[in-house]
Amino acid sequence: MRVHRPTSPADTARLLAELTGSKESVEMIAGGSNVVPELTRGERHPNHLLDLGRAGLGQIEMNGPSITLGALVTYQQFLDHSEARRAVPLLAQLCGGITGGIQLRSQGTLGGSACAARPHSDLPSALVALEARMRIRSVAGIREVSAAEFLLDAEQAVLTGFELLESIVIDRPDPSHSAVHRKLKFAEGSWPIMTASATRGAHATGATCLVLGGLARTPWRFDLPGPVLDVEQCATHVRDSVAAAPESHLWRDIYAGPEYRRRVGPVLAARALAELARTEVSHDDFGSTPSNTTGGAS
Amino acid sequence: MSSDDGRVPLALTLNGIAAERPVDPASTLAEALRDDFGLSGVRIGCANGDCGTCTAMVAGVPVKTCLMLVQRAEDATVWTLEGIGTANGPTAMQEAFVAAYGFQCGFCLPGMIFAAQALLDRDPNPPDPAIRDAVSGNICRCTGYHNVVVAVRRAAGHQEPTDELTDPPLTAEQRD
C-alpha cells in the first residue's frame, strides 16, 4: 500500500485520474475517523492511500452571500470561526454536538462525513436542510450538485472514482431564521440513530423545512405548510408520511431496524419542531457544550 | 524518499525535543509513537477512535492518534504524557486527578488529562456540562466519571458543582 500526499486540489485530481486509470484501488483519507480504523482492522486493502491532509482543502471562505467550507474543514474549525458559526447556527449546533469529544471535533471533517454518506450520521440531514451545494473536482474541471443529489444512497456519494469533493457551499440563511438540530442516540459515545434538522425562514420562501436523517437510506425532506409554524399539523404530516412508507424505504443497521425508526422518526420530528417553534436562536451561543441530544426513546 | 522497506523519515518536535525516526507511512501516529519513538504514554485501547486513551497533543490540538496517519504529524509539535509532567513535578491537572481520585487503573488517564487540559486552555472556568463534554471522547471503566469531573473542577480552581440541565426531563406523554 503506497501513501500519497497531494499538495493541492488540482494535484489530488491529477493523482486520482492517474491511479484510477491504472485500475489500482485508491482510498482517500480526510479526517481519518472512518477510513483509518477500517485500514487498521484490515477491512480495506487499497493499493494507494491519498492523504488529503495537506491538499489545501481546509479553508473557510466567507464570500458575500455564500460560505464555502473546504472539504477538510473540521467541526471544531467551524465552531472556532465566529462569523461562519453565527451565520449558520444549524451547522454550529451540529458541530458542537459531535460524538467523540473535543478530539473528534478537531479531527472529523465535514467533507469526509459527507462523502461517507452514512444515513445515521449528523451531517447529511443538515446539508439537505441547508440546501448545500457540493463542489466536485476532477481533471475535467469542477461540477456542482445539490446535497440531496450528492447523497446518492446509503453510504454512497455521487462521486466517481476519479472525483473528489473539494468544498461545500452554503448560501447564507436569512439572519432572522431559526434552526434546530437534534439527534437520537442511546448513549453518549454512540453513533446517532436518527437526526432531525429543522429550519424556519432560512430560505427565500420563509417556509419550515424539516429533514430527517437515518429514517430512510437518504435524508428525507419535509417541506411543511407555513409561514406560521403549526407544530401539531406539521408533526401529523410527518407521521402520516412515515406511516405510509414501505419498509424497504426505511433504513436498517446494527443500531435499529426499520420499524423502530418508523416509530421514533415522527417523535424526533415533533420534538425538533416544538423546539423550533419556541427557539429564538442566539447566533453567538455555540461552544462545545452539546444541547441537541434526545435520549433513547422506547 | 523511502528506504528499501518502504519506511520514510518522520521529523517532529516530540515533548520539546527535535526527533526523527523512520516510520511506516501507512501506520498510525499511535503506532509510530509507541513502536518507533518508544513512548508508552500513548495507549491503544480500541484503535477505533472511541476510547480516547491514545490522545496526544498535535500542533496544539488534542487528537486521537489511532485515527491519524503518521505523516500528518510531520514537522508538528507533539506532546505525550511523558512530556507534560513527572512524578516529582506533576502539572496542576495531574495533581488534581491525584487529589480527587480521578483515576484507578490509570489506563484512560493520558487521554483524560489532555482532553481536560485542552478545555481549560480554552475556558479556564468551565461549568460542569462543558467538563463532561470535554471528556466525552474518553472512556473510563473504573471511576464512573464523577471524580474525573471533580478533578477538572479542582484544576480549574473551584470545588462546587455547577450542574445545568440542558434538556428538561421527559413528560409522561413524551415517554409513551
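Letters A, B, ... mirror the listed sequences (proteins, then strands); counts begin at 1. As a basis for the values below, the full set of heavy atoms in this structure was taken, side chains included, without hydrogen atoms, waters or symmetry mates. This structure is a prediction, so every number in the text was calculated from the model and none was measured.
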Side chain / backbone / both / neither for A:Arg41 at chain B, heavy atoms under 4.5 Å: side chain

CD1 on A:Ile98 to CG on B:Asp133, rounded to 0.5 Å: 11.0 Å

Heavy-atom pair of closest approach, residues A:Val3 and B:Pro25: CG2-O, 3.6 Å

Residue B:Val61 versus chain A: region with a heavy atom under 4.5 Å: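 Side chain only.
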
Minimal non-hydrogen separation, A:Ser106 against B:Pro62, with atom names: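 That closest heavy-atom pairing would be CB-O, 4.1 Å.
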
Between CE on residue B:Met68 and OG on residue A:Ser33, distance to nearest 0.5 Å: 11.5 Å

Side-chain heavy-atom pair B:Leu67, A:Gln103 within 4.5 angstrom cut-off: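 They are not in contact (no side-chain heavy atoms under 4.5 Å apart), so the answer is no.
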
B:Arg72 (side chain) donor-acceptor with A:Arg54 (main chain) under 3.5 angstrom: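 Pair absent, no side-chain N/O of B:Arg72 close to backbone of A:Arg54.
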
Side-chain heavy atoms of A:Ile102 within contact of B:Leu119, under 4.5 Å: no

Separation of A:Leu104 CG from B:Ser136 OG (nearest 0.5 Å):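 It is 9.0 Å, given to the nearest 0.5 Å.
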
Interchain contact, A:Ile29 with chain B, by part (heavy-atom threshold 4.5 Å): both

Segment of B:Glu74 engaging chain A (4.5 angstrom heavy-atom cut-off): side chain

Atom pair CG (B:Leu69) and CG (A:Leu39), whose distance is rounded to the nearest 0.5 Å: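 One finds 7.5 Å between CG of B:Leu69 and CG of A:Leu39.
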
Whether A:Gln107 side chain and B:Lys64 backbone form a donor-acceptor pair below 3.5 Å: yes

More than 12 heavy atoms of other groups within 6.0 Å of A:Arg2 CZ: no

